[in-house]
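To start, the structure itself, in structure tokens.
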Amino acid sequence: MTDVTRTAVVSTITAEFAHELVAKAVEAATVDGKPMVITVCDREGTLKAFVRMDGAPLLSVQISQDKAYTAVAFGIPTDQWHEFIKDDEPLRLGIPHTARLVTFGGGYPLVVDGEIVGGIGVSGGHYTDDMAVAQGALRAVGLAD
């Protein structure tokens with residue numbers, strides 16, 4: 001007999017869907033003419049799909065991965081972190097020192113049927129450019145309006 005109070009069934013992003021998201025983000029970045037680094041992680045923050053477009057900055061590799069991780073780890077877009085901490089001195093001074101936390105735009109949780117199944121992170125331009133590419137990918141796959 002299984003004790004259902006000791007286990008949980010959870011959903012996570014498939015490899016196929018992760019690669020589809022990366023492809024859609026590449027399309028959006030190509031339209032904007034900016035080479036980007038795109039990362040998709042699963043619900044546990046583990047790398048699921050990744051691309052560094054030709055010409056994308058090397059520094060953006062880790063930033064992209066950390067944006068995806070931040071988004072899934074807390075369940076909010078990374079751009080919401082600034083608003084969350086800006087008027088709270090202890091948080092503003094302390095939380096940005098948390099490993100892998102990104103407090104500017106470009107990372108989004110992936111929500112399917114009301115459940116967070118992963119995260120996407122985009123880096124390579126100004127954070128507003130990164131946000132536009134990520135949002136373009138999310139719209140293309142039906143996860144955003």
To the nearest 0.5 Å, tell me how far [X] [atom1] sits from [Y] [atom2].
X: T103; Y: K86; atom1: OG1; atom2: NZ; value: 13.0 Å
X: T128; Y: Q135; atom1: OG1; atom2: CD; value: 10.0 Å
X: T14; Y: D42; atom1: OG1; atom2: CG; value: 11.0 Å

Do [X] and [Y] make a side-chain contact, defined as non-hydrogen atoms from C-beta onward lying under 4.5 Å apart?
X: F84; Y: L91; result: yes
X: I85; Y: P96; result: yes
X: Q65; Y: R100; result: yes
X: T12; Y: E44; result: no
X: M131; Y: T78; result: no

(message) Checking F74 against L101 for the side-chain contact (heavy atoms from CB on, under 4.5 Å) test, could you report, in this order, the C-alpha distance in whole Å, the side-chain angles of both residues, the deciding distance, and whether it holds?
(response) CA-CA 10 Å; F74 208 71; L101 176 72; over 6 Å; no
(message) Take a 6.0 Å sphere around CZ of F17 and say whether it holds more than 12 heavy atoms from other residues, nucleotides or ligands.
(response)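 Buried by this count: over 12 neighbours within 6.0 Å.
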(request) Return yes when atom CD of E83 has more than 12 non-hydrogen atoms of other residues, nucleotides or ligands closer than 6.0 Å, and no otherwise. (result) no
To check you understand the geometry: which heavy-atom pair defines the closest contact between [X] and [Y], and what is its length?
X: P35; Y: P57; answer: O-CD, 4.2 Å
X: V133; Y: M36; answer: CG2-CE, 4.0 Å
X: K48; Y: H19; answer: O-NE2, 4.1 Å
X: P77; Y: P109; answer: N-CD, 3.6 Å
X: R43; Y: E115; answer: NH1-OE2, 3.2 Å
X: I120; Y: A137; answer: CD1-CB, 4.3 Å

(request) With side-chain contact (heavy atoms from CB on, under 4.5 Å) as the test, would you mind laying out the steps for W81 and V102 before giving the verdict? (result) CA-CA 8 Å; W81 271 97; V102 177; over 6 Å; no
Same cluster (ILVMFWY, side-chain, under 4.5 Å), [X] and [Y]:
X: L21; Y: I116; answer: no
X: V51; Y: L59; answer: yes
X: L138; Y: V31; answer: no
X: V40; Y: V61; answer: no
X: Y69; Y: F50; answer: no

(request) I would like to know whether F104 and K67 meet side-chain contact (heavy atoms from CB on, under 4.5 Å); could you show each step before the answer? (result) CA-CA 8 Å; F104 49 89; K67 285 180 180 184; 3.6 Å; yes
(request) For a side chain to side chain contact (heavy atoms under 4.5 Å, CB included) with I13, tell me which candidate from V112, V72, L110 qualifies. (result)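 Testing each of V112, V72, L110 against I13, the sole residue satisfying side chain to side chain contact (heavy atoms under 4.5 Å, CB included) is L110.
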(request) With V122 as reference, evaluate D130, D129, V37, I63 under the side chain to side chain contact (heavy atoms under 4.5 Å, CB included) test and give the passing residue. (result) D130
(request) May I ask you to check whether S123 and S64 show a side-chain donor-acceptor distance below 3.5 Å? (result) no
(request) Dump the intermediate steps for side-chain contact (heavy atoms from CB on, under 4.5 Å) on R139 and K24, then the final yes or no. (result) CA-CA 9 Å; R139 279 191 303 277; K24 295 300 183 184; over 6 Å; no
